[in-house]
Amino acid sequence: MQLEVMNSPFNEKQADLLNQLLSSMTENQKIWLSGYLASAPVLTAETPPATDSGKDEKTEAGKRTITILYGSHTGNCEELADQLSQNLKNKDFQVTVSSMDDFKTKNLKKTEDLLVLTSTHGDGDPPDNAMTFYEFLFSKRAPELTDVRYSVLSLGDSSYEFYCQTGKDIDRRLEELGAERLYERVDCDLDFEEPAEAWKDGVLQKLDEESGSAPVEGLPEKNEAGISPVYSKANPFRADILENINLNGRGSNKETRHIELDLEGSGIDYEPGDSLGILPENDETLVDELIQEMSWDGEASVTITKDGEIRSVKEALLSVYETTVLTKPLLEKASAFTDNDELKEILADPEAVKSYIYGRDLLDFVRDFGPWEVPAEEFLSILRKLPARLYSIASSSAANPDEVHLTIGALRYEANGRQRNGVCSIQCAERAGAGSTLPVFVQKNRNFRLPESGDTKVIMIGAGTGVAPYRAFLEEREEREDEGENWLFFGEQHFVTDFLYQTEWQRWKKDGLLSRMDVAFSRDTEEKIYVQDRLWQQREEVFRWLEDGAYIYVCGDESRMAKDVEGALKAIVETEGKVSREEASDYIKTLRTEKRYQRDVY
């Protein structure tokens with residue numbers, strides 16, 4: 001079929017373009033396009049185009065414009081924000097969505113309905129891509145928001161003292177500024193999916209009621225023949241383990257596994273900076289001891305979901321519920337099953353709760369406050385779901401097609417008279433050999449990305465397994481033939497036994513891809529030396545790279561290494577830039593705002 005100019009409202013150039021497009025399209029594509037054009041808005045003389053007047057026009061009478069802001073570290077809040085945005089657009093709401101730091105704070109007072117989704121990081125801190133907005137909100141420059149309505153979804157981890165603190169802070173501050181709460185804040189633990197869905201449904205229902213819209217279901221998922229399944233946390237891919245080796249040398253007091261997984265046929269794609277999620281299983285010995293302590297029948301059936309999914313007690317404890325971490329909410333719920341006075345005394349004292357749960361697990365708890373006479377299903381219903389473990393990807397898909405590599409440190413320690421093991425890390429170290437499989441999914445991390453320009457300099461700082469994403473970065477830059485210089489700061493305990501990926505760094509150094517490398521092996525010298533010390537020793541050159549536009553990355557432990565590195569960076573800027581401490585802090589904030597200072601910390 002050819003479009004003739006004389007029989008259409010198109011000029012010759014437009015007709016040629018349309019004919020080229022139509023000739024390359026399948027029948028399904030043509031059908032989809034015709035439906036899209038039939039429903040797309042058409043601009044006429046009576047329908048002026050949208051303008052950026054600061055205050056968005058309402059799409060329909062009675063419908064307010066909606067602004068969705070997210071603060072996200074691992075990507076969960078970003079993903080939820082995108083889903084919510086699509087739901088609202090399906091209902092013909094006018095929606096904008098962005099990270100908090102990408103939002104122009106001067107437009108805050110112009111918003112109508114504000115939906116905030118945020119995680120909490122560290123000791124109650126906002127995630128990196130929410131920090132500037134958070135500080136603005138609590139500054140004297142924050143405006144009155146008397147015409148704004150809002151609701152907050154907060155993600156966190158109830159095993160931490162400042163559970164969901166960032167969301168709580170923002171919720172309270174918006175109210176102080178005069179905003180009206182559209183829907184009550186919901187705080188979510190690690191198994192956030194169900195409460196997050198309930199919050200979303202509540203917000204949508206409230207907006208529907210006020211706009212007079214009939215409820216509109218989300219778009220149905222297509223499951224046409226020939227379309228590959230989309231793998232996710234809810235539907236992980238069983239990846240074959242190709243290789244699983246210990247990177248540490250003989251005599252090391254550490255065990256770090258390099259694991260290579262086969263993604264062939266999965267359709268899974270990832271970028272350097274992303275994480276791979278693993279759905280782990282609890283240790284069978286621990287589960288058996290727990291069942292014995294509670295006098296349960298491990299083969300008895302229990303319902304584990306609202307939809308009525310059935311598992312045996314043992315299966316549920318192995319792969320559904322968390323058994324190695326205690327939280328205050330768990331202790332409070334479990335106290336309903338016992339008259340133990342000691343437990344009640346502990347719960348009455350926040351400091352006693354913190355002291356008790358540190359280093360203890362579910363088996364400790366049931367032994368300490370038993371005997372228990374509670375059915376398995378009733379007790380299991382108060383447990384958190386076993387969370388996925390996220391690991392920084394240590395490979396570039398361009399360099400390793402159909403594969404993904406991980407760097408996982410095996411966690412073993414003793415506490416309260418018992419040996420403790422990391423759930424996923426020990427599964428990978430001891431029970432996941434080559435030839436077995438792991439259920440995996442990719443967690444995108446758009447907050448930890450290489451610069452778009454291949455000419456940009458890159459400074460990479462990491463300790464221990466925090467070096468993993470830099471292996472992916474250099475593989476990617478090698479494949480892209482980037483010209484930008486690369487500088488690695490790496491720290492561990494011993495040079496001989498703990499220099500992870502030593503031969504690869506040395507090869508890249510010899511080939512010129514790795515321009516500079518500074519290492520800190522803390523236990524090899526009388527005075528312990530760490531990566532932040534190496535940064536300070538190289539302060540003049542580090543500052544010159546920053547002034548030349550370098551991107552700087554930090555990966556590893558947040559509570560110690562990452563904080564010390566940031567302190568060193570501020571000191572470098574203050575000294576070499578000859579500015580005040582406050583100006584040095586502003587310099588680092590500017591780097592963060594420009595996406596030139598990125599962290600993947602835990």
Side-chain angles (χ1 to χ4, degrees), residues 68 70-88 90 97 115-121 127 151-160 163-164 166-168 183-206 217-221 229-237 268 274-282 302-311 315-325 327 329-330 333 380-391 423-424 439-446:
I68 301 175
Y70 62 84
S72 188
H73 175 63
T74 63
N76 288 325
C77 282
E78 182 176 0
E79 185 175 339
L80 289 170
D82 289 339
Q83 292 170 2
L84 177 58
S85 173
Q86 188 58 56
N87 290 141
L88 288 164
N90 291 345
V97 57
L115 304 178
V116 177
L117 301 88
T118 183
S119 59
T120 293
H121 212 229
S151 185
V152 176
L153 178 72
S154 184
L155 270 59
D157 181 344
S158 61
S159 66
Y160 284 85
Y163 171 56
C164 288
T166 299
K168 293 174 182 177
Y183 190 80
E184 288 296 321
R185 185 190 78 247
V186 170
D187 297 332
C188 305
D189 209 341
L190 294 177
D191 48 344
F192 63 85
E193 288 83 0
E194 286 188 11
E197 189 69 19
W199 174 81
K200 183 187 74 173
D201 290 344
V203 168
L204 293 175
Q205 182 178 352
K206 186 74 172 176
E217 298 297 328
L219 293 175
E221 293 186 7
V230 177
Y231 293 106
S232 63
K233 181 179 178 182
N235 180 37
F237 175 70
I268 290 176
D274 287 340
S275 295
L276 194 77
I278 299 177
L279 300 184
E281 287 191 351
N282 286 308
V302 289
T303 302
I304 62 170
T305 67
K306 291 180 180 179
D307 297 332
E309 184 180 348
I310 302 294
R311 299 277 185 92
E315 288 174 337
L317 287 170
L318 278 173
S319 59
V320 178
Y321 294 109
E322 184 170 65
T323 62
T324 57
V325 176
T327 67
L330 172 61
K333 293 173 184 176
L380 296 186
S381 69
I382 70 173
L383 301 181
R384 296 197 303 183
K385 295 293 176 64
L386 183 61
R389 268 49 174 186
L390 299 178
Y391 297 99
V423 174
C424 192
V440 302
F441 63 95
V442 167
Q443 182 78 55
K444 296 291 183 181
N445 186 359
R446 296 180 180 88

[X] (side chain) donor-acceptor with [Y] (main chain) under 3.5 angstrom:
| X | Y | result |
| --- | --- | --- |
| Ser319 | Glu315 | yes |
| Asn445 | Ser275 | no |
| Thr120 | Thr166 | yes |
| Lys168 | Arg185 | no |

(message) Between Glu78 and Lys444, does any NZ, NE, NH1 or NH2 come within less than 4.0 Å of an OD or OE carboxylate oxygen?
(response) no
(request) Using a strict cut-off of less than 4.0 Å between a Lys/Arg side-chain nitrogen and an Asp/Glu carboxylate oxygen, indicate whether Lys306 and Glu194 qualify as a salt bridge. (result) yes
Which heavy atom of [X] sits nearest to which heavy atom of [Y], and what is that distance?
| X | Y | answer |
| --- | --- | --- |
| Thr303 | Gly308 | CG2-CA, 3.7 Å |
| Glu281 | Val423 | O-CG1, 3.6 Å |
| Gly167 | Val152 | O-CG1, 3.7 Å |
| Cys164 | Gly156 | SG-N, 3.6 Å |
| Pro387 | Pro280 | O-CD, 3.7 Å |

For [X] and [Y], does a side-chain donor sit closer than 3.5 Å to a side-chain acceptor?
| X | Y | result |
| --- | --- | --- |
| Asn90 | Gln86 | yes |
| Asp189 | Ser158 | yes |
| Asp307 | Thr305 | no |

(message) For Lys233, I'd like to know if atom NZ has over 12 heavy atoms of other residues, nucleotides or ligands within 6.0 Å.
(response) yes
(message) Going by the rule ring pair (Phe, Tyr, Trp, His ring centres under 6.0 Å), which residues pair with Phe237 if we only count those two or more places apart in sequence or in a different chain?
(response) Tyr231
Mind checking whether [X] and [Y] have side chains closer than 4.5 Å, heavy atoms only?
| X | Y | value |
| --- | --- | --- |
| Leu153 | Phe192 | no |
| Val442 | Leu276 | yes |
| Lys385 | Val320 | yes |
| Tyr163 | Thr327 | no |

(request) Take Tyr70 and Val97 through the side-chain contact (heavy atoms from CB on, under 4.5 Å) test and state the conclusion after the steps. (result) CA-CA 8 Å; Tyr70 62 84; Val97 57; 4.2 Å; yes
Quick check for you: to the nearest 0.5 Å, what is the distance between [X] atom [atom1] and [Y] atom [atom2]?
| X | Y | atom1 | atom2 | answer |
| --- | --- | --- | --- | --- |
| Glu322 | Asp191 | CD | CG | 8.5 Å |
| Leu390 | Cys424 | CG | SG | 9.5 Å |
| Leu204 | Glu197 | CG | CD | 8.5 Å |
| Glu79 | Arg446 | CD | CZ | 8.5 Å |
| Glu193 | Leu80 | CD | CG | 8.0 Å |
| Leu155 | Ser72 | CG | OG | 8.5 Å |

(request) Kindly indicate, with the supporting measurements, whether the criterion side-chain contact (heavy atoms from CB on, under 4.5 Å) is fulfilled by Leu88 and Leu115. (result) CA-CA 12 Å; Leu88 288 164; Leu115 304 178; 4.2 Å; yes
(request) Dump the intermediate steps for side-chain contact (heavy atoms from CB on, under 4.5 Å) on Leu279 and Leu386, then the final yes or no. (result) CA-CA 8 Å; Leu279 300 184; Leu386 183 61; over 6 Å; no
(message) If you apply the rule side-chain contact (heavy atoms from CB on, under 4.5 Å), what do you find for Phe441 with Asn235, and how did you get there?
(response) CA-CA 8 Å; Phe441 63 95; Asn235 180 37; over 6 Å; no
(request) Check Leu330, Thr323, Val325 against Arg384 for a side-chain contact (heavy atoms from CB on, under 4.5 Å) and give me the one that passes. (result) Val325
